[in-house]
Amino acid sequence: MLRGHQRRTAEDSVAYLLPHLKPGSTVLDIGCGPGTITADLAERVAPGLVLAVDLFDNVLDMARAEVQRRDLSNVSFATADVHQLGFPDGMFDVVHAHQVLQHVADPVQALREMRRVCRPGGIVAARDADYAGFVWFPQLPALDLWRDLYRQAARANRGEPDAGRRMLSWALEAGFDHVTPTGSLWCYATAAARDWWGGMWADRILHSGVARELLALGLATTAQLEEISAAWRAWAAAPDGWLSIPHGEILCRA
C-alpha cells in the first residue's frame, strides 16, 4: 500500500486545495503515509509549519526520509488518531486528510476533530476514492471479484470503501455550514501507469494485510487471490487497458 502512496503528489491528489494554501500557513496533514504529499504541502506554505501525523511510527519513518531527502526544515511529525487528535483547539490554518476517511470507524467524528483543531475561518479539506465507481477495460471478471472482495474486507474492518460519494453527507453531519464539494479522477491508461498500478495490486492481493484479512475472514481462497493477481497483470499488459478512479472532495470552512 505504501509503495502505491509514494507516487502521490499534491498536484494529482490535492489540486482542489492548492489555490487556498498561502506561505506562512500552518498545516496538519493527517494520515501522511510516506510523506510525498506532506513534503509538497510544506514547500508551498514555507515558512509556515506542517505537522504530519499517522498512526504508525514505521510509516512516519518513511515520511521523515522523504522530508530529509528534500531538505525541508518546516515539517514535524507525531503519532495521532484522527478520532481524538490531542492538539489544542484552533491550532492550524489548514487541516488536511487524503484517503483517510474511508478507513476510519467514525468519519463524522474524525471531521469534527479536524474542525476542532482548525482555527475559525480556516480550512478542513478531505479527499477519498469511491470503489464502486471504479471503471476499467478490458472487462475481466476477476477484477469484478477483486472489487467485491475489497469492499467486503473494508467494511469488515469498519471502513467505507465508497467514501467518495459520502463526503458531503459526512461534512454536513459533522456540523459544517460552508462546504464546497467537488470531484476528480485518477486515470491510469499509459503503459507506465498500468505497469505500476497492475503490478502493485498483483502483489498486494497476495502479500498484504488485505490478502491476510480476506483469507482469515473466509471471504476468499488462495486460488481466487491468485486469479485476481493474474488478472491485474493481464490488465496491465493490455495495450488498451484503462482504469479511472473517482474521488469525492470537500473543502470546509471551520
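Just the heavy atoms: all of them, side chains too, but no hydrogens, waters or symmetry mates, feed the values below.
- Arg233 and Gly199 get closest at one heavy-atom pair: NH1-CA, 4.2 Å.
- Crowding of Gln84 atom CD: a count of heavy atoms from other residues, nucleotides or ligands under 6.0 Å not exceeding 12.
- One finds the OG1 atom of Thr38 at 3.5 Å from the CG atom of Asp29 (value rounded to the nearest 0.5 Å).
- When atom types are taken as modelled, the side chain of Trp235 and the backbone of Phe137 share a donor-acceptor pair closer than 3.5 angstrom.
- Linking Ile, Leu, Val, Met, Phe, Trp and Tyr residues whenever their side-chain heavy atoms come within less than 4.5 Å places Met200 and Leu225 in a single cluster.
- In terms of hydrophobic clustering, with Ile, Leu, Val, Met, Phe, Trp and Tyr side chains grouped at heavy-atom distances under 4.5 Å, Leu243 and Val135 are assigned to different clusters.
- Leu41 belongs to a hydrophobic cluster whose other members, connected by ILVMFWY side-chain contacts under 4.5 Å either directly or through intermediates, are Val14, Tyr16, Leu17, Leu18, Leu21, Val27, Ile37, Val45, Val50, Leu60, Val67, Leu72, Val75, Phe77, Val94, Ile123, Leu251.
- Counting only distance, with no hydrogens or angles, the side chain of Thr26 and the backbone of Asp93 share a donor-acceptor pair below 3.5 Å.
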Next item on the list: Verify side-chain contact (heavy atoms from CB on, under 4.5 Å) between Trp170 and Ile250, making sure each step is shown before the conclusion.
Entry: CA-CA 10 Å; Trp170 289 337; Ile250 47 173; over 6 Å; no
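- Closest of all the heavy-atom pairs between Leu149 and Ile228 is CD1-CD1, 3.8 Å.
- Salt bridge Arg204/Glu213: absent, no basic N to carboxylate O contact under 4.0 Å.
- No side-chain donor-acceptor contact under 3.5 Å links Glu66 to the backbone of Pro34.
- Electrostatic pairing of Arg155 and Asp162 counts as a salt bridge here, judged by a charged N lying under 4.0 Å from a carboxylate O.
- Taking both residues in full, the closest heavy atoms of Leu219 and Ala153 are given as CD1-N, 4.1 Å, listed atom of the first, atom of the second, then distance.
- Considering all non-hydrogen atoms of both residues, Ala63 and Gly33 come closest at CB-O, 3.5 Å.
- Put simply, Met114 and Leu168 are part of the same group of oily side chains (I, L, V, M, F, W, Y) that touch within less than 4.5 Å, one to the next.
- In terms of heavy-atom proximity, Glu173 sits nearest to Arg112 at O-NH2, 3.3 Å.
- Under the 3.5 Å distance criterion, the side-chain polar atoms of Asn157 are left unmatched by any main-chain donor or acceptor of Gly159.
- Distance CD1/Ile205 to CD/Gln224: 10.0 Å, rounded to 0.5 Å.
- Counting only residues at least two apart or in different chains, ring-ring contact (aromatic ring centres under 6.0 Å, His included) contacts with residues 149-169 comprise Tyr131-Tyr150, Tyr150-Trp201.
- Rounding to the nearest 0.5 angstrom, the gap separating the CG atom in Leu143 from the CG atom in Asp148 is 11.0 Å.
- Listed for the Trp197 side chain is no donor-acceptor partner under 3.5 Å among the backbone atoms of Ala192.
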Margin query: Using side-chain contact (heavy atoms from CB on, under 4.5 Å), reason through Val59 and Met62 one step at a time and then give a plain yes or no.
Written below: CA-CA 5 Å; Val59 175; Met62 295 182 67; 5.6 Å; no
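- Of all heavy-atom pairs spanning Cys252 and Phe176, the tightest one is CB-CD2, 3.4 Å.
- Between Trp232 atom CH2 and Asp203 atom CG the span is 13.0 Å, to the nearest 0.5 Å.
- Between Asp128 and Arg165, none of the side-chain N atoms (NZ, or NE/NH1/NH2) sits under 4.0 Å from a carboxylate O, so this pair counts as no salt bridge.
- Remark: the backbone N or O of Gln102 is not paired with any side-chain donor or acceptor of Arg166 at under 3.5 angstrom.
- Atoms NE2 and CZ, from His207 and Arg212 in turn, are 10.5 Å apart once rounded to the nearest 0.5 Å.
- With hydrogens and angles ignored, the 3.5 Å screen pairs no side-chain donor or acceptor of Arg119 with any backbone N or O of Met91.
- Val108 and Leu172 end up in the same hydrophobic cluster when Ile, Leu, Val, Met, Phe, Trp and Tyr side chains are linked at under 4.5 Å.
- Comment: Asp57 does not engage Arg64 in a salt bridge, judged by the lack of any side-chain N to carboxylate O separation of less than 4.0 angstrom.
- Counting only distance, with no hydrogens or angles, the side chain of Asn74 and the backbone of Pro47 share no donor-acceptor pair below 3.5 Å.
- Partner of Leu111 under the side chain to side chain contact (heavy atoms under 4.5 Å, CB included) criterion, chosen from Val95, Val104, Val124: Val124.
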Distance-only donor-acceptor pairs under 3.5 Å for side chains of residues 177-189, two or more places apart:
{"from": "Thr182", "atom 1": "OG1", "to": "Glu249", "atom 2": "OE1", "distance (Å)": "2.5"}
{"from": "Ser184", "atom 1": "OG", "to": "Arg127", "atom 2": "NE", "distance (Å)": "3.3"}
{"from": "Ser184", "atom 1": "OG", "to": "Arg127", "atom 2": "NH2", "distance (Å)": "2.9"}
{"from": "Ser184", "atom 1": "OG", "to": "Glu249", "atom 2": "OE2", "distance (Å)": "2.4"}
{"from": "Trp186", "atom 1": "NE1", "to": "Asp12", "atom 2": "O", "distance (Å)": "2.8"}

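- Side-chain N or O atoms of Gln99 include one that pairs as donor or acceptor with a backbone N or O of Ala129 at under 3.5 Å.
- Distance CD1/Ile30 to CG/Leu55: 10.5 Å, rounded to 0.5 Å.
- With hydrophobic clusters built from ILVMFWY side chains whose heavy atoms lie under 4.5 angstrom apart, Phe134 shares a cluster with Trp196.
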